[in-house]
Chemist: 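Have a look at this one.
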Amino acid sequence: MTYGGDDRGRRMPPQRPPSGRPRQHQPAQMMPLPGRGSSPYDERTAPMGHRGGERPGGPPPRRSGPPQPPPGRPGGEARPPRRRRRWGFGRVLLTLLTVFVLFLAGVWVYLEFSINRVDALADYAGRPAAAEGTNWLIVGSDSRDGLTPEEQEKLVTGDSKAAGGGRRTDTIMVAHIPDNSTKPTLLSLPRDSQVKIPGHGTNKINAAFSIGGPTLLAQTVEGATGLRIDHYAEIGFGGFAKIVDAIGGVHMCVEKPMEDTLTGIKIAPGCQELQGPQALGFVRMRHSAATPRSDLDRVANQRKFIGALVSEIGSPGTLLNPFSLFPLLSTAPDALTMDSGDHVHNLVGLALAMRGISSGGVVTTTVPVTNGSAENWDKTKSKLLFDALKNDTDIPDSAILT
């Protein structure tokens, strides 16, 4: 059906006939605002009669945003539980090794800067040329410097004036360390040996030390032996006794009872630990029935004791025992004097080479002499001895005097 007029030909929808029931009107629904819910029926619209959008029974629930990923974990990946690191055997061993190396380095530096130094070795016209191997001049002086009267009495050092005054040497040795497979040699020079002292004529070899100290003694030894001295080490009465006491004594087996008629020192026979005073008496004793060859027996006992002392110092019982090691480290720098050009590694090399004295791995001998007074050297045998040391060859049996 069409109508004319103003509707301009528009079709009107047909009207429904009225029904018998009254029309029910539904309450208006509010559409959710963007971001306020996913459904128009999520109860976010407050019912009529409640202010400010309050919900009956309590405040509105807290709005929460989307879950955030853990920091540093892209994509919200869960962080795995942190595992506690365990100290394995390798790590413990590495730590202990590091501590040990640092300790050795500290000891090394301490000794390097604490040991006494002296200019003992000097160049001069006619000095022997360097030959095979390395030569140490080892000196045991009778210096009483730093000893109190009580200590001198305890060590039975005697009076320096009664001994002739000045500084003299009770022990003069040359330690030769070869460059090849021949055995090292520890050679004693009897202190009463008559030799030429540069600028002072002929005299006992130990007088060189009294006249000109370590420098003149080294020059005298070089002239008498023809060996070039490369290193120098000196120890006095007090230092020697303190080192022995620091390591708890040195084990020695004494074959016969020893009693020095000059000093009164007595040492019972048998195997025992010699403490400082007894050890000093042992290496100095020559006026005794146990030392019939006088100075020759004394230098033999000195070499024997040095072998035992080096073995004791280098043993695990000393190096791994803090009650021995630390007293030794505190005593050694004051007891020992080295040449200004020497270093701790040179001293370690000497100690390693001399370890075999007690086991026969080192040749121990005295310069061949013509008689028991040990004043004059046998020129023929002495030359054989010194030539063998120069060339790092075996010493002929005829040139060895024990």
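Please read all numbers here as calculations on a predicted model, not as lab measurements. Starting from 1, each residue takes its place in the sequence as its number.
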Chemist: How many angstroms lie between atom OG of S188 and atom CE of M173, to the nearest 0.5 angstrom?
Modeler: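 The CE atom of M173 is 4.0 Å from OG of S188, to the nearest 0.5 Å.
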Chemist: For N116 and D334, indicate whether the former's side chain and the latter's backbone hold a donor-acceptor pair under 3.5 Å.
Modeler: yes
Chemist: Any sub-3.5 Å donor-acceptor pair from K304's side-chain atoms to I357's backbone N or O?
Modeler: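 Between the backbone of I357 and the side chain of K304 there is no qualifying donor-acceptor contact (under 3.5 Å).
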Chemist: To the nearest 0.5 angstrom, please state how far the CG atom of L347 sits from the CG atom of L111.
Modeler: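 With rounding to 0.5 Å, CG (L347) is 8.5 Å from CG (L111).
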Chemist: Please answer whether the main-chain N or O of R293 pairs with a side-chain N or O of D297 as donor and acceptor at a distance below 3.5 Å.
Modeler: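 A pair under 3.5 Å: yes.
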Chemist: Using a strict threshold of under 4.0 Å (side-chain N to carboxylate O), is an ion pair present between R228 and E222?
Modeler: no
Chemist: Is the backbone N or O of P368 less than 3.5 Å from a side-chain atom of D378, with the two atoms forming a donor-acceptor pair by type?
Modeler: no
Chemist: Of all heavy-atom pairs between A268 and V254, which one has the smallest distance, and what is that distance?
Modeler: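 Of all heavy-atom pairs spanning A268 and V254, the closest is O-CB, 3.8 Å.
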Chemist: About how many Å separate CZ of F209 and OG1 of T220, when rounded to the nearest 0.5 Å?
Modeler: 12.0 Å
Chemist: Do V221 and L227 make a side-chain contact, defined as non-hydrogen atoms from C-beta onward lying under 4.5 Å apart?
Modeler: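 When only atoms from C-beta onward are counted, L227 and V221 do not touch, as no gap falls below 4.5 Å.
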Chemist: By ring-ring contact (aromatic ring centres under 6.0 Å, His included), which residues pair with H343, not counting sequence neighbours?
Modeler: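 H343: ring-ring contact (aromatic ring centres under 6.0 Å, His included) contacts with H345.
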Chemist: Side chain of N391, backbone of D387: donor and acceptor closer than 3.5 Å?
Modeler: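 Yes, N391 side chain to D387 backbone: donor-acceptor pair under 3.5 Å.
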Chemist: Could you state the interatomic distance from CH2 (W136) to CG (D230), rounded to the nearest 0.5 Å?
Modeler: 9.5 Å
Chemist: Nearest 0.5 angstrom please: C253 SG to H251 NE2, how far?
Modeler: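 It comes to 4.0 Å.
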Chemist: Taking D192 first and then R286, would you say they form a salt bridge - that is, a charged N and a carboxylate O separated by under 4.0 Å?
Modeler: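 So D192 pairs with R286 through a salt bridge.
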Chemist: Okay, side chain of D179, backbone of G133: is any donor-acceptor separation there less than 3.5 Å?
Modeler: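 Side chain of D179 to backbone of G133: a pair is present.
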Chemist: Determine yes or no for a side-chain-to-main-chain donor-acceptor pair under 3.5 angstrom, with D342 supplying the side chain and Y232 the backbone.
Modeler: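 Pair found, side chain donor or acceptor close to backbone of Y232.
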Chemist: Tell me, which pairs form a disulfide bond (SG atoms under 2.5 Å apart) where one or both residues lie in residues 326-362, sequence neighbours left out?
Modeler: none
Chemist: Side-chain donor-acceptor pair under 3.5 Å between D260 and S288, yes or no?
Modeler: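 Note: D260 and S288 side chains miss the donor-acceptor criterion.
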Chemist: Quiz question: by atom type and distance under 3.5 Å, do the side chains of E112 and Y110 form a donor-acceptor pair?
Modeler: no
Chemist: Between CG of N371 and CG of L296, what distance do you get to the nearest 0.5 Å?
Modeler: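 Taking CG in N371 and CG in L296, the distance rounds to 9.0 Å.
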Chemist: Taking atom types as modelled, is there a side-chain donor on T171 or Q302 under 3.5 Å from an acceptor on the other?
Modeler: yes
Chemist: With a 4.0 Å cut-off, would you call E375 and R191 a salt bridge?
Modeler: no
Chemist: Regarding D295 and R298, does a basic nitrogen lie under 4.0 Å from an acidic carboxylate oxygen?
Modeler: yes
Chemist: Looking only at side-chain N and O atoms, does S193 offer a donor or acceptor that is under 3.5 Å from a partner on W377?
Modeler: yes
